[in-house]
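Input: a single structure, listed below in structure tokens.
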Amino acid sequence: MMNREMIQIDTDVLIIGAGASGMWTAKHLKELSPSLEVMVVDKSASDWGGLMTMSEGDFDAVPPTENVDDWVKDLVYYWDGLCDQELMTTLFSTSYDRLCDYETMNCAYTRNEDGSFKGIPQRGLDHFKLSITEVKGNGGENMRDSLNGEMKRLGVKRQGRVMITDLLKANGRIVGAVGFHTRTGAYYRFSANAVVIATGRAGWKSSYGKNTSTGEGLLLAYNAGAALTNMEFVEVWNVPKLFSWEGQTVLLPLGAKFVNAEGESFMDRYSPILKGNTDPHYTTMAMALEVKAGRGPIYFDTTDIKDEDRKFVQPEGGWQLLNHEKLKNIGIDFFKGRTEWQPQILSDFGGIVADAYGRTAVDGLYAVGRARFLDAGVYIGGFDLSTTATTGYLAAEGIFDYLQQDLAPFSQEAFEQEALQKLEQLEAANAQEGIPYKGVLRQIQELVFPYSVSILKSEAALQAALASLKQIQAELLPQMMANDPHYLMKCKEVEAIATMTEIYLRAAIERKETRGGHYREDYPQRDDDNWLGWLYISKDGEDMQCKFVPVPLAQYPHAVERYYQDNFEFPSVSE
């Protein structure tokens, strides 16, 4: 039996994740009802701000002079038909208001002479444009500081350094959660009438900015009965080999380009129309093919950016300015030369299935931001910061309405018994001897990161990776050592990574076609007859259930008439 300190916290709404989407949910809930008790809990410091802190701060918003329908049509085209048109219409109908909210919170954006927000065209699309921050380099930090200020002003309660490990359910609805403090080891038990997952995507700890999103929020929802989707699509970015940088989304339309070892702008070969001004997932496919053909390494060339445009992209503060100055001191001017870049797998694009107001299929459970499904395997700059704000804002309205209902009561005794059972399971996982988590994580990374599993996928490579993963899950995961609370957190992260990796591999094997960022060398063509839809993955006992859900084109306003994928020509495995 446990003898650790037990801390009980009762609240109306529990939000798991202190990034942008979690704080937007909390902010609007308190605006709707100041008397509501709202608690935001995060495994890191309560004011760290999530991955928003590392961002540029750029934002996608439909100006009042433009039509939301036109932007949604762009997404239908860009995502090769895998667009929830009703959801995107709702989100982008509120996007401009959220951008204006950020400005009200002292996050400045660049404007044209007529006072409108300056927009940078994206991915060769007809209407989609990115609103860019006025001061480059610390836009994300400004957003974080502004939202943290709102949390204090509105009286949102926050608890840092607590990792949630299980959700609690009674009478079919979510009524709380349990977890532990990652420094003191104290156990926490939360009761709540609604719980929000705002923890970001599932990832593999591969990058400076993606080492915290490990999928435990998705695992919480999955174990509670919610479905996940888009899990076959992974975020594979092109990144500098020797240092960190953000902003290629803005740099490419202004004249930057990727070149191979021979100095060729190789994207011209794979996409004569769009060339290099496209999504990184198509670029990384081409990078992998160039390296495979012996034309590597790959460089990012910024020499063609016009002098008058450099002011929009050169950092004036934050970590990027520090990087820029350090690079110049060793003779590298990022904006007037070439630097070596490489593909890097970051996270899974998939997320929890939820409606426009964050409601999942599990009563009382909501999902917001990058923890819920939105993208379909390719990315537009500014999309995440836009949708973390809009999904958080709208989920608050859905939760507020939910709390007005007569919610079914639950037994306090049953609640305490379930919490105790979950915490006893957690205590059993706190092994003093065994294998360090890093060795297990490295083995999972090594089976996912190869091009044949993450970029140029094939049945044989995916099946081999799945077989290796099952061996890791059976033999290594149970032996992981957690001899203090910090390492218990690391072990729980690796457990989530392992489950999310299995879901990714199974979904990638299932989708036998090429669409968006999901490229199958053995199925190099798009197959609308069989695959114009989403794969829903849910838990069925100890098994994973995979269900195909067609895109409901009959009830959507926009037909699928064009495919972004058709702008590219990639060889099949036989070629």
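- Judged by distance alone, the side chain of D384 and the main-chain N or O of R370 form no donor-acceptor pair under 3.5 Å.
- Between V156 and K27, every side-chain heavy-atom pair lies at or beyond the 4.5 Å cut-off.
- With hydrogens and angles left out, the side-chain atoms of D484 and H486 include no donor and acceptor closer than 3.5 Å.
- In this structure a side-chain-to-backbone donor-acceptor pair under 3.5 Å is present from D279 to Y379.
- Side chain of Q445 to main chain of S206: no donor-acceptor pair is present (N/O by atom type, distance under 3.5 Å, no hydrogens or angles).
- One distance of note links CE of M544 with CG of L228; it measures 9.0 Å at 0.5 Å rounding.
- Ring-plane geometry between F190 and Y188 is classed as parallel, the angle between the planes falling under 30 degrees on a 0 to 90 degree scale with a further cut at 60.
- Side-chain contact, S146 with N106: no donor N or O sits under 3.5 Å from an acceptor N or O.
- The backbone N or O of K118 lies less than 3.5 Å from no partner atom in the side chain of T110, so there is not a single donor-acceptor pair.
- By the 6.0 Å contact criterion, CD on E413 is open, its count of non-hydrogen atoms from other residues, nucleotides or ligands being 12 or less.
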How far apart are the C-alpha atoms of K157 and E37, what are their side-chain angles, what is the distance that settles it, and do they pass the salt bridge (charged side-chain N to carboxylate O under 4.0 Å, His left out) test?
CA-CA 8 Å; K157 294 181 179 179; E37 291 286 338; 3.0 Å; yes

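- Going from atom OG of S131 over to atom CZ of R111 covers 9.0 Å, rounded to the nearest 0.5 Å.
- No donor-acceptor pair under 3.5 Å is formed between the side chain of S386 and the backbone N or O of G382.
- Taking CZ from R506 and CG from L535, the interatomic distance works out to 13.5 Å, rounded to the nearest 0.5 Å.
- Listed for the R372 side chain is a donor-acceptor partner under 3.5 Å among the backbone atoms of D355.
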Evaluate side-chain contact (heavy atoms from CB on, under 4.5 Å) for W204 paired with I497, printing each intermediate quantity in order.
CA-CA 7 Å; W204 288 273; I497 289 171; 3.8 Å; yes

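- Not counting sequence neighbours, Y222 has no partner by the ring-ring contact (aromatic ring centres under 6.0 Å, His included) test.
- The shortest distance between side-chain heavy atoms of I197 and L365 falls below 4.5 Å.
- Using cut-offs of 30° and 60° for the angle between ring planes, the F128 and W71 rings count as tilted.
- Applying the ring-ring contact (aromatic ring centres under 6.0 Å, His included) test to pairs two or more places apart or on separate chains, none has a residue in residues 148-180.
- Note on ring orientation: taking the six-membered ring where Trp is involved, the planes of Y437 and Y487 are tilted (angle from 30° to 60°).
- Counting only residues at least two apart or in different chains, ring-ring contact (aromatic ring centres under 6.0 Å, His included) contacts with residues 134-157 are absent.
- Between L374 and L91, the closest side-chain pair of non-hydrogen atoms falls below 4.5 Å.
- For F117, the ring-ring contact (aromatic ring centres under 6.0 Å, His included) test picks out Y96, with sequence neighbours left out.
- Looking at Y109 and D58, their side chains never bring a donor and an acceptor atom within 3.5 Å of each other.
- Ring orientation note: the planes of W237 and H281 are nearly perpendicular, at an angle over 60° on the 30°/60° scale.
- Counting only distance, with no hydrogens or angles, the side chain of T199 and the backbone of G17 share no donor-acceptor pair below 3.5 Å.
- Applying the side-chain hydrogen bond (donor to acceptor under 3.5 Å, both in side chains) rule to pairs touching residues 158-176 yields N148-R158, sequence neighbours excluded.
- For W48, there are no ring-ring contact (aromatic ring centres under 6.0 Å, His included) partners at least two apart in sequence or on another chain.
- For the pair K30 (side chain) and L36 (backbone), a donor-acceptor distance under 3.5 Å is present.
- The CD atom of E31 sits 10.0 Å away from atom CD of E397, with the distance rounded to the nearest 0.5 Å.
- Using a 4.0 Å cut-off between a side-chain N of Lys or Arg and a carboxylate O of Asp or Glu, R359 and D401 do not qualify as a salt bridge.
- With D80 contributing its side chain and G516 its backbone, the two residues share a donor-acceptor pair below 3.5 Å.
- To the nearest 0.5 angstrom, T89 atom OG1 is 8.5 Å from D84 atom CG.
- A donor-acceptor pair is defined here as one N or O able to donate and one able to accept, closer than 3.5 Å; such a pair exists between the side chain of D60 and the backbone of F383.
- The structure places CG of L420 at 9.0 Å from CD of E416, a figure rounded to the nearest 0.5 Å.
- Using a 4.5 Å heavy-atom threshold, the side chains of Y78 and Q122 count as separate.
- If you look at F349 and W79, their ring centroids are not closer than 6.0 Å.
- Relative orientation of the F415 and F410 rings is tilted, given thresholds of 30° and 60° on the angle between their planes.
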